[in-house]
There are 2 protein chains.
Amino acid sequence: MKRREHILVVSLALFNSEGEANLSAVDIANELEISPGNLYYHFKGKEEIVSELYEKFEAGFELLLQDGMETGAGLEEYWLYLYVILEHIHNFRFFFRNITDLLQKYQSIEPRFRRLMEKQSRWVRQLLTGLLEEGVIVHPHLAAERIERLTDSIMLLFTYWYQFQNLRNRKLDQHDFIQSAILQIMTLLAPYMGDQQLQFMEACLNLYQREKQG
Amino acid sequence: MKRREHILVVSLALFNSEGEANLSAVDIANELEISPGNLYYHFKGKEEIVSELYEKFEAGFELLLQDGMETGAGLEEYWLYLYVILEHIHNFRFFFRNITDLLQKYQSIEPRFRRLMEKQSRWVRQLLTGLLEEGVIVHPHLAAERIERLTDSIMLLFTYWYQFQNLRNRKLDQHDFIQSAILQIMTLLAPYMGDQQLQFMEACLNLYQREKQG
DNA sequence: GTCTATAAGTAGATAGAC
DNA sequence: GTCTATCTACTTATAGAC
């Protein structure tokens, strides 16, 4: 079972760096320095590899979302969850490189991915109402409809920030990817914050910055 | 030259509905009810077809952006440009269905597409400063940095709104696609607006709505 | 301009020897 | 478990007849 696991690890790394669509089963076998036949002994094909990687992605993601939902969580913890969710997305970033075609190709994943996104959507909505209750964000016009649109903007960001940065030729390492995403999410919320909260936000961002240089 | 043009029209329709990656030269020929050999007589291959479609997309887009830049434009005109730009994007939506892989496959398009996006980015920035000058949006914290982030959010939306809606199984017709995008952009700006401007915004949206039903 | 026929290349998959 | 050899299916691309 060790080789099987090894195939998954190497495949994930390859998919992340080259893109799933650009790799054949033979390419993966070459990178592993085994024969294609051997690869097919362990997995029915590329489809089974992608499927198992998705299982891992989904399982990990659901854990994060459940944790974040259950513990009514303080403010700082929300930002922490933001961080680890983005980290998880970055670890499986090949899924987000060309979602449309990937889900069309692997149709068994499609409904599950969609459910997962809906779950994440609920998580974001809860984050927003949480921030409202804590008084972090406050605004006369923050009606239910506005919360929905804001949720969509944040989901759009989670889902396509990686593609967007690549499209603009920004090859960010994991830390910069996460930080830029969090900065962007915070900017979406900033107009709803008071001066005090804005200062706290900037302090958070500085902290991330220092953490990186350190 | 009539057949050549016909090939482009049919290819665009096919690409938009099925996705460029899912169509071979033979598929296109079948839809046209001509032989593959004939298709290859008119175009070197799928690449040349995609290239010419991109030319059309780029040329039309640059016209729209230039117009919007030059005429310092009143407020209502900005919203109108928003509409026609989204319309143009929707007409060539296959480019936005899986941008990452498409630009990797057709590398001659990549730098041009990136330049076009930068131009659009400048247009958005000008839209925002225009709205600021007109007093439509106003906020103590709307510093240059904030404008940049807001520009990014709007560009993200322009670029991936189509994919995002599809991912969520929303198969919108052209009008609903455009309207949902404009609503989303307006919601990004809403927290920077005063009550009066918000009412005007809602009036605009109602107008779109009526236009559709009528 | 349009067709048929076919070459050349590649990804996916399996059989059978070791 | 691992390998070599091979087969199918598909896409792109071209040659040459009409």
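Convention: sequence-line order gives letters A, B, ...; per-chain numbering from 1.
In this structure, CD of A/E48 is placed 21 Å from P of C/dA11, rounded to the nearest angstrom. Between B/H42 atom NE2 and D/dT14 atom P there is a gap of 16 Å when expressed in whole angstrom units. Distance CD1 (A/I28) to P (C/dA11): 12 Å, rounded to an integer number of Å. Atom OH in A/Y40 sits roughly 5 Å away from atom C1' in C/dA13 (whole-Å rounding). Between B/D27 atom CG and D/dT11 atom P there is a gap of 6 Å when expressed in whole angstrom units. Distance, A/I34 CD1 to D/dC3 P: 6 Å, rounded to whole Å. If you measure from atom OH of B/Y41 to atom C1' of D/dT14, you get 15 Å, rounded to the nearest angstrom. As rounded to whole Å, 14 Å separates atom C1' of C/dG1 from atom CG of B/L32.
Of all nucleotides listed (C/dC3, C/dA11, D/dT2), D/dT2 comes nearest to the side chain of A/R3.
Heavy atoms of B/V26 sit under 4.0 angstrom from at least one base atom. Among the protein residues, B/S35 comes within range of the nucleic acid bases, having at least one heavy atom under 4.0 Å from a base atom.
Evaluated for a ring pair (Phe, Tyr, Trp, His ring centres under 6.0 Å) with B/F95, the options B/Y160, B/Y162, B/F57, B/F158 yield exactly one hit, B/F57.
A salt bridge is defined here as a Lys NZ or Arg NE, NH1 or NH2 lying under 4.0 Å from an Asp or Glu carboxylate O, and B/E62 with B/K119 meets this definition. Ion pairing of B/E118 with B/R114 is absent here, as no side-chain N (NZ or NE/NH1/NH2) approaches a carboxylate O to less than 4.0 Å.
In this structure, B/N38 reaches the C/dC3 phosphate: one of its side-chain N or O atoms is under 4.0 Å from OP1 or OP2.
Residues B/Q165 and B/D176 have side chains that never bring a donor and an acceptor to within less than 3.5 angstrom of each other.
Toward the 5′ end of DNA chain C lies the nearest nucleotide of A/N22, the other residue of the pair A/P36 and A/N22 mapping further downstream.
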